[in-house]
Amino acid sequence: MAAAARPLVERYLTDRVQAALPPRLRLRAHCLRAALDDALTAVVRADTEDTPPEPPYAAGGRLYARYPGFRDPHHALPDTCYDLTDRVALRQRLTGRQWAGGVLHLRGTATLPGLRGTTAEVLLHGPGAHYRIPARYDGERWRAAVDPATAADGAPLPAGLWGLKIALTAHGAPAPDAGPDATAADTAVHREAWLPEPGGPDEPAAAAAPAARRPRLVGRGPDGPAVAALLPAGPHHHLHLDLDPDGHRHPLGADLRGTVTTTRTGRATLTAHLTLPGCPTDAGLQLTLRAGDRTLVARGTTVEPAAADRYTLRCSLRGVPPGTWQVAVRLTAGPRRHDLPVRTADDRTPLTVTVHRPARRTRLRRPARRAAAHTVRRAASRSTLVSAVGR
């Protein structure tokens with residue numbers, strides 16, 4: 001078979017074709033072309049043995065298939081025939097993400113086939129900076145917590161768009177000529193991969209919950225809170241974390257709706273409902289009224305928190321000056337202030353309130369009041385007399 005295959009190899013095997021082959025075929029082709037029948041026999045025998053594969057050799061940041069003859073002075077086979085560095089890819093999947101108390105919790109799986117992984121990290125790639133977040137790793141599954149208040153090496157994470165990667169460091173076997181002074185760093189292999197976008201084809205449906213996608217408030221220490229949003233970005237739509245201090249790119253209160261109710265006595269009450277994920281407990285929530293350049297903070301605003309980050313705000317419109325006012329919710333968190341517009345219950349238009357001037361009451365002069373009272377007393381006396389005669 002070797003004699004029949006050798007002419008075909010010599011005629012058709014180019015350097016580009018040989019580089020594209022996996023090591024097991026690259027070694028066979030080289031041995032055929034160089035007439036190394038003994039080395040060819042050893043390579044074929046290694047493929048047919050029923051022994052579990054061993055970790056590849058690692059040297060100088062590259063990986064080499066563990067076949068016979070590697071760096072053996074008696075065979076002089078080139079390292080390029082064994083090289084599989086470009087064929088070892090990080091296999092990973094994002095299995096869940098969840099916000100809890102302003103901290104983003106991520107979990108997934110990551111492996112380097114044929115290697116023993118030892119450490120995992122989440123990498124944050126942002127505007128002119130890169131930060132590493134340690135992850136707990138058991139050889140396949142990993143977990144990490146990204147806190148915007150400390151993610152920048154203990155400091156608050158700067159505002160901007162941050163790409164999320166999973167990075168894995170694994171180790172191969174020392175090369176035969178590594179020597180006794182070889183360290184773990186000499187056999188380390190590092191791979192990185194972008195985390196998939198929310199709801200992508202590689203992400204389970206349970207991890208694509210809408211709650212994880214909603215913009216939310218997160219703390220950043222002395223820098224004040226910011227609006228955080230998870231979204232796909234970049235040319236391949238990978239998962240990114242966007243920190244927006246002013247809330248312009250990702251406005252809060254998308255479901256903010258309000259109504260105005262009036263009692264029989266004419267008392268008007270303003271009610272608003274909204275969802276505010278991550279709202280701090282010490283944040284201020286107030287209903288405001290705006291007409292032109294004038295803004296009033298409604299007095300006596302009551303806030304009723306509920307489950308799932310829901311809030312209900314109420315206030316009376318008593319004492320509001322006449323005019324047409326546009327309603328908003330003012331959120332104050334640390335040094336930041338956000339005015340969130342309230343829309344009608346049917347979400348068609350912004351909610352406005354029209355307050356009319358009170359009607360003037362006609363007051364009688366004092367002589368007229370005295371005359372009216374005298375007339376009433378005379379009518380009452382006459383009625384009493386008629387009643388007595390009748391009896």
request  = Answer yes or no: is there a donor N or O on one side and an acceptor on the other, between the side chain of R191 and the main chain of A170, under 3.5 Å?
outcome  = no
ask   = Looking at side-chain heavy atoms only, is the closest gap between D255 and R310 below 4.5 Å?
value = yes
query = Backbone N or O of R267 within a donor-acceptor pair of the R318 side chain at under 3.5 Å?
reply = no
inquiry  = Checking the side chain of T95 only, and the main-chain atoms of R107 only, is there a donor and an acceptor separated by less than 3.5 Å?
reply    = yes
ask   = Any idea which heavy atoms bring T275 and A308 closest together, and the distance?
value = CG2-O, 3.8 Å
query = So, do L164 and L94 sit near enough that their side-chain heavy atoms are less than 4.5 Å apart?
reply = no
query = Cluster question for you: counting only ILVMFWY and a side-chain heavy-atom cut-off of under 4.5 Å, with indirect links fine, are Y131 and L241 together?
reply = yes
query = Heavy-atom distance under 4.5 Å between the side chains of L331 and L217, does that happen here?
reply = yes
request  = Let me see the working for V329 and D339 under side-chain contact (heavy atoms from CB on, under 4.5 Å), right down to the final yes or no.
outcome  = CA-CA 6 Å; V329 171; D339 285 338; over 6 Å; no
task = Identify whether L21 and V44 are in the same connected component of the hydrophobic contact network (ILVMFWY, side-chain heavy atoms under 4.5 Å).
result = yes
inquiry  = So V355 and L289, do their side chains get closer than 4.5 Å, heavy atoms only?
reply    = no
message = Are more than 12 heavy atoms, taken from residues, nucleotides or ligands other than R143, located less than 6.0 Å from that residue's CZ atom?
response = no
inquiry  = Counting only heavy atoms from other residues, nucleotides and ligands, does the tally under 6.0 Å from CZ of R290 exceed 12?
reply    = no
Heavy-atom pair of closest approach, residues Y57 and P174 = CD2-O, 3.2 Å
query = To the nearest 0.5 Å, what is the distance between CG (L276) and CG (L340)?
reply = 6.5 Å
query = Can you get from L77 to L84 by hopping between Ile, Leu, Val, Met, Phe, Trp and Tyr side chains that sit under 4.5 Å apart?
reply = no
request  = Indicate the atoms forming the closest heavy-atom contact of G102 with D147, along with that distance.
outcome  = O-OD1, 4.1 Å
query = Would you say the side chain of P251 lies within less than 4.5 Å of the side chain of P215, judging by non-hydrogen atoms?
reply = no
key: Chi angles and distances behind the side-chain contact (heavy atoms from CB on, under 4.5 Å) call for L230, L104   = CA-CA 10 Å; L230 291 174; L104 176 61; 3.8 Å; yes
message = Test your reading of the model: is there a side-chain donor-acceptor pair from T271 to the backbone of R314, 3.5 Å cut-off?
response = no
Stepwise side-chain contact (heavy atoms from CB on, under 4.5 Å) check, R6 with D37 = CA-CA 11 Å; R6 187 170 291 114; D37 292 341; 3.0 Å; yes
inquiry  = Any side-chain to backbone donor/acceptor pair from R214 onto A254? Under 3.5 Å, distance only.
reply    = no
key: Smallest separation among heavy atoms of A167 and E192, with atom names   = CB-CG, 3.8 Å
ask   = Do you know which two heavy atoms are closest between L13 and R33, and how far apart they sit?
value = O-NH1, 3.2 Å
Minimum side-chain heavy-atom gap D79-Y64 below 4.5 Å = yes
V227 backbone acceptor or donor facing R249 side chain under 3.5 Å = no
query = Taking the six-membered ring for Trp, are F70 and Y82 parallel (under 30°), tilted (30 to 60°) or perpendicular (over 60°)?
reply = perpendicular
ask   = So, Q326 side chain and T288 main chain: donor-acceptor pair closer than 3.5 Å or not?
value = no
Salt bridge present between R336 and D246 (N-O < 4.0 angstrom) = yes
ask   = What about L25 and V17, same hydrophobic cluster or not, with Ile/Leu/Val/Met/Phe/Trp/Tyr joined at side-chain heavy-atom distances under 4.5 Å?
value = yes
ask   = Honestly curious: do L112 and W194 fall in one hydrophobic cluster under the side-chain, below-4.5 Å linking rule?
value = no
message = Has R343 got a side-chain atom pairing as donor or acceptor with R348's backbone, closer than 3.5 angstrom?
response = yes
task = Mark yes or no for whether T301, through its side chain, and C315, through its backbone, hold a donor-acceptor pair below 3.5 Å.
result = no
query = Can you find a heavy atom in the side chain of R45 that is under 4.5 Å from one in the side chain of P68?
reply = no
inquiry  = Rounded at 0.5 Å granularity, tell me how far CZ in R91 sits from CD in E140.
reply    = 11.5 Å
remark   = Minimal heavy-atom distance between L243 and P245, with the atoms involved, is O-CD, 3.6 Å
query = Should L63 and L115 be marked as a side-chain contact (heavy atoms from CB on, under 4.5 Å) after you check the CA-CA gap, both sets of side-chain angles, and the distance that decides it?
reply = CA-CA 10 Å; L63 292 172; L115 298 173; 3.9 Å; yes
query = Thinking salt bridges, do R28 and D47 make one under a 4.0 Å N-O criterion?
reply = yes
key: Residue pair R257 / D347, side-chain heavy-atom distance below 4.5 Å   = yes
ask   = Is the backbone N or O of T118 less than 3.5 Å from a side-chain atom of T169, with the two atoms forming a donor-acceptor pair by type?
value = no
